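Written below as structure tokens is the structure these notes are about.
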Amino acid sequence: MGGDLTVYPAAINLWLLVVALGIEALLGWPAPLYRAIRHPVVWIGALIGLLERHLNRPAWSDLWRRLAGLLALALLLVVVWYAASLVRHWLAVLLPGDSWIVEAVFAASLLAQRSLWDHVIAVARGLEDGGIVGGREAVAMIVGRDPESLDEAGVSRAAIESLAENFSDGVVAPAFWLAIGGLPGIALYKAINTADSMIGHKSDRYRAFGWAAARLDDLVNLPASRLSALLLVLAAAVLPGASAGAAFAAVERDAGRHRSPNAGWPEAAMAGALRLRLAGPRRYVEGWVEDHWMGDGRSEATAADIRRALKLYAVAGLLLFGAALLGAIALL
């Protein structure tokens with residue numbers, strides 16, 4: 001599985017995915033490594049910030065700012081693709097026969113299984129150990145809502161919603177694009193997703209400039225959001241206390257009613273599986289958002305529900321790993 005990686009067969013991509021998922025689940029991105037070289041997403045974010053400062057001119061019309069945003073996105077993707085391809089090339093030259101293993105380490109840095117678990121479990125522990133104050137402090141690290149407006153149920157729902165949505169765009173989507181395009185594929189996805197998180201907002205500053213990034217992010221997340229919902233439904237079928245039938249019904253009824261074209265799929269599946277109501281009207285720092293409820297269960301979620309959601313997330317992650325492993329073995 002090593003050697004020249006100029007032509008990238010599907011089998012190698014799937015083995016990259018299997019190893020990358022395993023590495024990231026076990027190790028995450030070690031703190032000493034972060035202190036030494038930061039993180040690839042930090043590098044991507046720095047480039048986005050540089051492009052935004054030079055190309056997003058408030059004096060320009062919305063049309064010109066859209067075009068400038070499109071240019072910034074194109075430049076970002078060219079640089080990221082070239083860098084990832086160069087890394088892949090030099091690994092193949094320097095480590096013939098073993099380059100795919102080191103490549104998997106790079107790919108693992110662009111997955112977020114472990115960090116997502118750590119951030120969400122911190123909210124459950126914050127509620128359990130520090131009450132509403134502890135819960136608000138922890139949930140403020142992962143959502144854009146006004147934490148002071150949240151009661152215990154609101155904190156719990158926010159954590160579970162973040163878990164569901166980020167399972168899709170932080171785990172399944174990068175895994176999908178790694179399987180499709182190897183290291184350049186996952187790097188391009190993370191560049192698009194990071195651009196959306198930084199400039200894809202509807203504020204006056206970013207509404208026009210970030211339009212292209214937001215639209216492209218919607219597109220590249222479309223397959224993964226559906227796959228994430230399927231994995232959560234299947235996980236509910238094997239997890240005691242969860243309901244696959246209710247998860248499927250919630251997806252079928254509610255996923256398309258979410259204000260996001262993608263977030264509703266995993267959120268509806270999670271809500272139905274746990275017999276909760278998620279999403280709905282909520283307050284962000286920038287203002288109030290009216291949205292449909294996902295699921296038809298109870299809205300009074302608790303720290304115990306966060307832990308139930310994490311169990312479902314873990315099972316869905318194992319199913320993703322198992323599917324990649326089976327696919328890789330089948331293509332040997």
Side-chain angles (χ1 to χ4, degrees), residues 29 34 37-87 106 109-110 112 115 140-149 158 161-162 165-166 168-170 173-174 177 181 183-225 258-264 282-291:
W29 189 248
Y34 182 86
I37 63 172
R38 308 300 282 177
H39 188 278
V41 172
V42 175
W43 311 336
I44 292 170
L47 178 55
I48 294 168
L50 179 67
L51 291 167
E52 193 272 339
R53 287 193 298 273
H54 284 84
L55 294 175
N56 189 12
R57 304 295 177 87
W60 289 353
S61 69
D62 280 358
L63 175 59
W64 280 108
R65 293 176 80 182
R66 278 196 180 193
L67 291 173
L70 184 60
L71 174 62
L73 182 62
L75 290 172
L76 170 70
L77 297 183
V78 168
V79 170
V80 169
W81 173 83
Y82 181 78
S85 299
L86 195 63
V87 167
F106 279 95
S109 71
L110 300 175
S115 61
M141 302 296 292
I142 58 173
V143 299
R145 283 159 231 199
D146 175 12
E148 297 305 314
S149 69
E161 290 159 17
S162 180
E165 183 175 356
N166 284 288
S168 178
D169 62 21
W177 290 108
L183 185 61
I186 190 174
L188 286 172
Y189 170 76
K190 290 303 292 186
I192 295 166
N193 189 242
T194 305
D196 177 61
S197 68
M198 290 181 65
I199 63 174
H201 309 297
K202 293 184 178 180
S203 64
D204 290 341
R205 181 180 180 90
Y206 298 120
R207 183 179 292 106
F209 184 79
W211 174 85
R215 297 292 75 75
L216 185 57
D217 184 70
D218 287 342
L219 180 63
V220 298
N221 275 298
L222 190 148
S225 64
H258 198 285
R259 68 190 181 105
S260 163
N262 294 312
R282 52 202 185 275
R283 183 184 298 279
Y284 287 82
V285 173
E286 60 269 23
W288 188 260
V289 169
E290 292 290 342
D291 205 353

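The model shown is predicted, which means the values in this text are computed figures rather than measured ones. Just so you know, residue 1 is the first one in the sequence shown, and it goes up from there.
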How many angstroms lie between [atom1] in [X] and [atom2] in [Y], if you round to the nearest 0.5 Å?
X: Leu76; Y: Ile44; atom1: CG; atom2: CD1; value: 7.0 Å
X: Ile48; Y: Trp43; atom1: CD1; atom2: CH2; value: 14.5 Å
X: Lys190; Y: Asp169; atom1: NZ; atom2: CG; value: 7.5 Å
X: Ile192; Y: Arg215; atom1: CD1; atom2: CZ; value: 13.5 Å

Looking only at atom types and distance, does a side-chain atom of [X] sit under 3.5 Å from a main-chain N or O of [Y], one as donor and one as acceptor?
X: Ser225; Y: Leu222; value: yes
X: His258; Y: Asp291; value: no
X: Thr194; Y: Ala191; value: no
X: Arg65; Y: Arg205; value: yes
X: Trp60; Y: Ala68; value: no
X: Asn193; Y: Tyr189; value: no
X: Trp29; Y: Arg38; value: yes

How far apart are the closest heavy atoms of [X] and [Y], and which atoms are they?
X: Leu51; Y: Phe209; answer: O-CZ, 4.4 Å
X: Ser168; Y: Pro174; answer: O-CD, 4.2 Å
X: Val143; Y: Ser162; answer: CG1-CB, 3.9 Å
X: Ala195; Y: Ala213; answer: CB-CB, 4.0 Å
X: Ser109; Y: His39; answer: O-NE2, 2.8 Å
X: Asn262; Y: Asp217; answer: ND2-O, 4.4 Å

I'd like to know whether Leu188 forms a side-chain contact (heavy atoms from CB on, under 4.5 Å) with Trp177, so could you lay out the CA-CA distance, the side-chain angles of the two residues, the decisive distance to 0.1 Å, and finally the verdict. CA-CA 8 Å; Leu188 286 172; Trp177 290 108; over 6 Å; no

If the test is side-chain contact (heavy atoms from CB on, under 4.5 Å), which one of Asn221, Leu73, Leu70 qualifies with Leu216? Leu73

Applying salt bridge (charged side-chain N to carboxylate O under 4.0 Å, His left out), can you list everything that pairs with Arg66, at least two apart in sequence or on another chain? none

Should Leu67 and Trp64 be marked as a side-chain contact (heavy atoms from CB on, under 4.5 Å) after you check the CA-CA gap, both sets of side-chain angles, and the distance that decides it? CA-CA 5 Å; Leu67 291 173; Trp64 280 108; 4.0 Å; yes

